[in-house]
Amino acid sequence: MTNANPMQFDILIIGAGPAGLSAAQVAAQSGARVGLVDDNILPGGQIWRQGPAHPPKGPARELLDALARYPNLTRLCGTRVVQPLAGKRLQVEDARQGHVLGYDRLILATGARERFLPYPGWTLPGVTGAGGLQALIKGGTPVAGQRIVLAGSGPLLWASAKTAQEQGAKIVAIVEQASHRSVARFARSLALTPAKLVQAIRLRLGLRKTPYWRGAQVVAAHGDDRLRSVTVQRPQGSIDLCCDRLACAYGLLPNIELAAALGCASAPYADTTAVQVDAWQHTTQPDVYAAGECTGVGGMELSALEGRIAAHAALEQQDAARRLFARRERYRDFSRRLHAAFALNPSLRALPRDDTIFCRCEDVPHGELATHDSWRMAKLHTRCGMGPCQGRICGGAAAFCFGWQPSNTRPPLSPTRIGTLADLAGTDAATDAT
């Protein structure tokens, strides 16, 4: 049953990745009443995801240990936001019941998700995203002895390959769609961000025996009841690789749904959109801030800095926030170089055939979508984007393949128990926030 009497916080933070945790530390140090909400059972987000054999370490361990010392910090893990409500309130839901959370200042650190593009066979068991493979492994999925192909674009392929290799998997190949020239130019630019250079060198040395094909694409996955092999198109011709898993994703898309539901404006970012913020990480809505990859994908260091700046600004500590601006700008420069180097090749739009499933939730094939001229018309006529994921997978693919803009976000923001919504109905908390 939803408690319509809200828990009240001075600062409420949504998301417990590097941005949210960093914001929570700054806010908790001030003595403010801080709430930290995350839909995962354990904090850390994707990059610091915990699991049975993957306890937090390094900066993640230090930050979590520091946060545990603050009695004024309330962690609400395993909790997801259902919808914004009037009067600076959010309805949330955990595994048992719904809650209403009130706030004076709100910091959105909702992160990003993988972008998937359709191609023949991409729905076969054994095909996941690169980050999805990491999450499975950290959650306890055994991969020892399995043959794995990593494909798509960006540094996440390397991080996922390293995670799999450490658990005994054989990395058959890393297939990067960006050209050799683009990747080489990006690698040289890493000297401008020494921390990123060190990370890259460690990953490359750890996977030095793994083939790394640039300007290449997985054009099809093959199998019956599960994945058996993939076809890779390289500049010198195509090749078939036998494998047990394919981890394939084409960069990350900012999670802007909650921000949009709150009325926050978005802005173009690289080839997608992100939450629009000013120098203080303030959105276009009063008392709502955003930090981390929902404002643009740039890595752990940038996310942590933005989280700290957002918290300082929310606490009206402008001088402390301003001292972090220069470091933030260095990592924003890194982000711009990253997106320029790994921009998606337009040829990826031609991978799906007419019978290739485009919307996995509603089994809508590519050929049916191609007859329409907008996301709205495709949804009306095919139910594309109307399944459990609410277009989070096919919407990003449609934006790239067809240039369609997604429709307005409506609550509930994720699949929600009817009881949670019904408990709130008829109370003053049910008033729409927007």
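Below, each value reflects all heavy atoms present in this structure, side chains not excepted, and no hydrogens, waters or symmetry copies. Note that the numbering runs from 1 along the sequence shown for the chain.
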Q: Just grab all the ring-ring contact (aromatic ring centres under 6.0 Å, His included) pairs involving residues 247-300, residues at least two apart or on different chains.
A: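 Residue pairs with at least one partner in residues 247-300: Y269-H339, W280-F325, H282-Y289.
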
Q: Under a plain distance cut-off of 3.5 Å, with no hydrogens placed, do Q46 and R49 share a side-chain donor-acceptor pair?
A: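 Side-chain D/A pair, R49 to Q46: present.
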
Q: Answer yes or no: is there a side-chain heavy-atom contact under 4.5 Å between I14 and V81?
A: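 When only atoms from C-beta onward are counted, V81 and I14 do touch, with a gap below 4.5 Å.
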
Q: Does T79 reach the main-chain N or O of C77 with its side chain, forming a donor-acceptor pair under 3.5 Å?
A: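 Yes.
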
Q: Any donor and acceptor pair, going by atom type alone, linking the side chain of N345 with main-chain N or O of L348 inside 3.5 Å?
A: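 No.
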
Q: Are any side-chain N or O atoms of D278 and backbone N or O atoms of Q281, one a donor and one an acceptor, separated by less than 3.5 Å?
A: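 Yes.
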
Q: So, does Q177 use its side chain to make a donor-acceptor pair with the main chain of A343 at under 3.5 Å?
A: yes

Q: Please list all pairs meeting salt bridge (charged side-chain N to carboxylate O under 4.0 Å, His left out) that have one or both residues in residues 334-346, counting only residues at least two apart or in different chains.
A: E329-R336, D333-R336

Q: Does the pair V143 and R245 meet the rule for a side-chain contact (heavy atoms from CB on, under 4.5 Å), with working shown?
A: CA-CA 9 Å; V143 294; R245 289 184 181 272; 3.9 Å; yes

Q: Taking atom CZ of R204 as the centre, does the number of heavy atoms from other residues, nucleotides or ligands within less than 6.0 Å exceed 12?
A: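 Yes, because the 6.0 Å sphere around CZ of R204 holds more than 12 heavy atoms from other groups.
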
Q: What are the two closest non-hydrogen atoms of A200 and L190, and how far apart are they?
A: CB-CD1, 3.6 Å

Q: Assess whether side-chain contact (heavy atoms from CB on, under 4.5 Å) is satisfied between L305 and Y331, documenting all intermediate values.
A: CA-CA 9 Å; L305 285 166; Y331 282 105; 3.8 Å; yes

Q: Looking only at the aromatic ring of each residue, does the gap between the centers of F402 and F358 stay below 6.0 angstrom?
A: yes

Q: Please report the closest heavy-atom contact between A27 and S30, naming both atoms and the distance.
A: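 What the structure gives for the nearest pair is O-OG, 2.6 Å.
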
Q: With heavy-atom distances below 4.5 Å as the criterion, would you say the side chains of I357 and P118 are in contact?
A: no

Q: Salt-bridge test for K196 and E301: reply yes if a basic N is under 4.0 Å from a carboxylate O, no otherwise.
A: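 Here K196 pairs with E301 in a salt bridge, since their nearest N and O are under 4.0 Å apart.
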
Q: Under 3.5 Å, is there a donor-acceptor pair between the T284 and Q276 side chains?
A: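 Q276 and T284 do not have a side-chain donor-acceptor pair below 3.5 Å.
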
Q: Walk me through whether N255 and R113 qualify under side-chain hydrogen bond (donor to acceptor under 3.5 Å, both in side chains).
A: CA-CA 7 Å; N255 290 323; R113 61 184 180 273; 2.7 Å; yes

Q: Are D65 and R61 ion-paired here, with the side-chain N under 4.0 Å from a carboxylate O?
A: yes

Q: Below 4.5 Å, heavy atoms only, C-beta onward: do L117 and L344 meet side chain to side chain?
A: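 Yes, side chains in contact.
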
Q: Salt bridge check, D104 against K88: does any charged N sit closer than 4.0 Å to a carboxylate O?
A: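 No, K88 and D104 are not salt-bridged.
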
Q: I need the minimum non-hydrogen distance between P43 and R75, along with the two atoms involved.
A: CG-NH1, 3.8 Å

Q: Looking just at side-chain N and O atoms, do Q91 and T420 make a donor-acceptor pair shorter than 3.5 Å?
A: no

Q: About how many Å separate CG of L262 and CG of D287, when rounded to the nearest 0.5 Å?
A: 11.5 Å

Q: Are any side-chain N or O atoms of T283 and backbone N or O atoms of Q285, one a donor and one an acceptor, separated by less than 3.5 Å?
A: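 Yes, T283 side chain to Q285 backbone: donor-acceptor pair under 3.5 Å.
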
Q: Only counting residues at least two apart or in another chain, list the ones meeting salt bridge (Lys or Arg N to Asp or Glu O under 4.0 Å) with E293.
A: none

Q: Just how far is it from atom CZ of R323 to atom CD of Q317, taken to the nearest 0.5 Å?
A: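 The CD atom of Q317 is 9.0 Å from CZ of R323, to the nearest 0.5 Å.
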
Q: Say whether T295 and E306, considering side chains only, have a donor N or O and an acceptor N or O under 3.5 Å apart.
A: yes

Q: Taking NZ, NE, NH1 and NH2 as the nitrogens, is one of them in E93 or R417 under 4.0 Å from a carboxylate oxygen of the other?
A: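 Looking at E93 and R417, the cut-off is met.
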
Q: What distance do S160 atom OG and I137 atom CD1 have between them, rounded to the nearest 0.5 Å?
A: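 The OG atom of S160 sits 7.5 Å away from the CD1 atom of I137.
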
Q: Side chains of Q217 and S347: do they bring a donor and an acceptor to under 3.5 Å?
A: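 Distance-only check passes for Q217 and S347.
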
Q: Is K379 salt-bridged to E362, going by a charged N under 4.0 Å from an acidic O?
A: no

Q: Side-chain contact, heavy-atom cut-off 4.5 Å: T416 with R80?
A: no

Q: Carefully, step by step, assess S22 and L63 under the rule side-chain contact (heavy atoms from CB on, under 4.5 Å).
A: CA-CA 8 Å; S22 298; L63 189 49; 4.0 Å; yes

Q: For the CZ atom on R376, are there more than 12 heavy atoms of other groups (residues, nucleotides or ligands in this structure) within a distance under 6.0 Å?
A: no

Q: Under 4.0 Å between a Lys/Arg side-chain N and an Asp/Glu carboxylate O for E368 and R383?
A: no

Q: Backbone N or O of P411 within a donor-acceptor pair of the Q83 side chain at under 3.5 Å?
A: no

Q: Please collect all ring-ring contact (aromatic ring centres under 6.0 Å, His included) contacts where either partner lies in residues 6-65, sequence neighbours excluded, each pair once.
A: none

Q: Is the shortest heavy-atom distance from the side chain of Q390 to the side chain of L413 under 4.5 Å?
A: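 The answer is no; the side chains never approach within 4.5 Å.
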
Q: How close do L246 and Y119 get, heavy atom to heavy atom, and via which atoms?
A: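 Result for this residue pair: CD2-OH, 3.3 Å.
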
Q: Could you tell me the separation between the CG atom of D38 and the CG atom of L76, rounded to the nearest 0.5 Å?
A: 10.5 Å

Q: According to the salt bridge (charged side-chain N to carboxylate O under 4.0 Å, His left out) rule, which pairs have a member within residues 342-356, sequence neighbours left out?
A: R353-D355

Q: Does any N or O in the side chain of T141 come within less than 3.5 Å of the main-chain N or O of L136, such that one atom is a donor and the other an acceptor?
A: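 Present.
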
Q: Is the closest side-chain heavy-atom distance between V34 and T74 below 4.5 Å?
A: no

Q: Any chance you could measure L90, atom CG, to M7, atom CE, to the nearest 0.5 Å?
A: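 Here the rounded value is 12.5 Å.
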
Q: Go through the structure and list residues passing ring pair (Phe, Tyr, Trp, His ring centres under 6.0 Å) with F334, not counting sequence neighbours.
A: F186

Q: Between atom CG of L253 and atom CD1 of I393, what is the distance when rounded to the nearest 0.5 Å?
A: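 L253 atom CG to I393 atom CD1 measures 11.0 Å (nearest 0.5 Å).
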
Q: Provide the closest heavy-atom pair for A19 versus A109 in the form atom of the first, atom of the second, distance.
A: CB-CB, 4.0 Å

Q: Is T272 reaching over with its side chain to a backbone N or O of P268, donor-acceptor style, under 3.5 angstrom?
A: no

Q: Decide yes or no for V275 and C294: does some side-chain heavy atom of the first lie under 4.5 Å from some side-chain heavy atom of the second?
A: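 In contact.
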
Q: Heavy-atom count around R322 CZ within 6.0 Å, excluding the residue itself: above 12?
A: yes

Q: Between T128 (side chain) and A247 (backbone), is there a donor-acceptor pair under 3.5 Å?
A: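 Side chain of T128 to backbone of A247, a donor-acceptor pair under 3.5 Å: no, none is there.
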
Q: Determine whether I148 and D244 satisfy the following criterion, side-chain contact (heavy atoms from CB on, under 4.5 Å), listing intermediate values before the conclusion.
A: CA-CA 6 Å; I148 300 178; D244 303 298; 5.9 Å; no

Q: Under a 4.5 Å cut-off applied to non-hydrogen side-chain atoms, are P18 and M300 in contact?
A: yes

Q: Kindly say whether A28 contributes a backbone atom to a donor-acceptor pair with the side chain of N72 at under 3.5 angstrom?
A: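 Checking the backbone N and O of A28 against the side chain of N72, a donor-acceptor pair under 3.5 Å is found.
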
Q: Work out which heavy atom in G391 is nearest to a heavy atom in W375; give both atom names and the distance.
A: CA-CZ2, 4.3 Å

Q: Just one of R328, Q25, R327 clears the side-chain contact (heavy atoms from CB on, under 4.5 Å) bar with R308, so which one?
A: R327

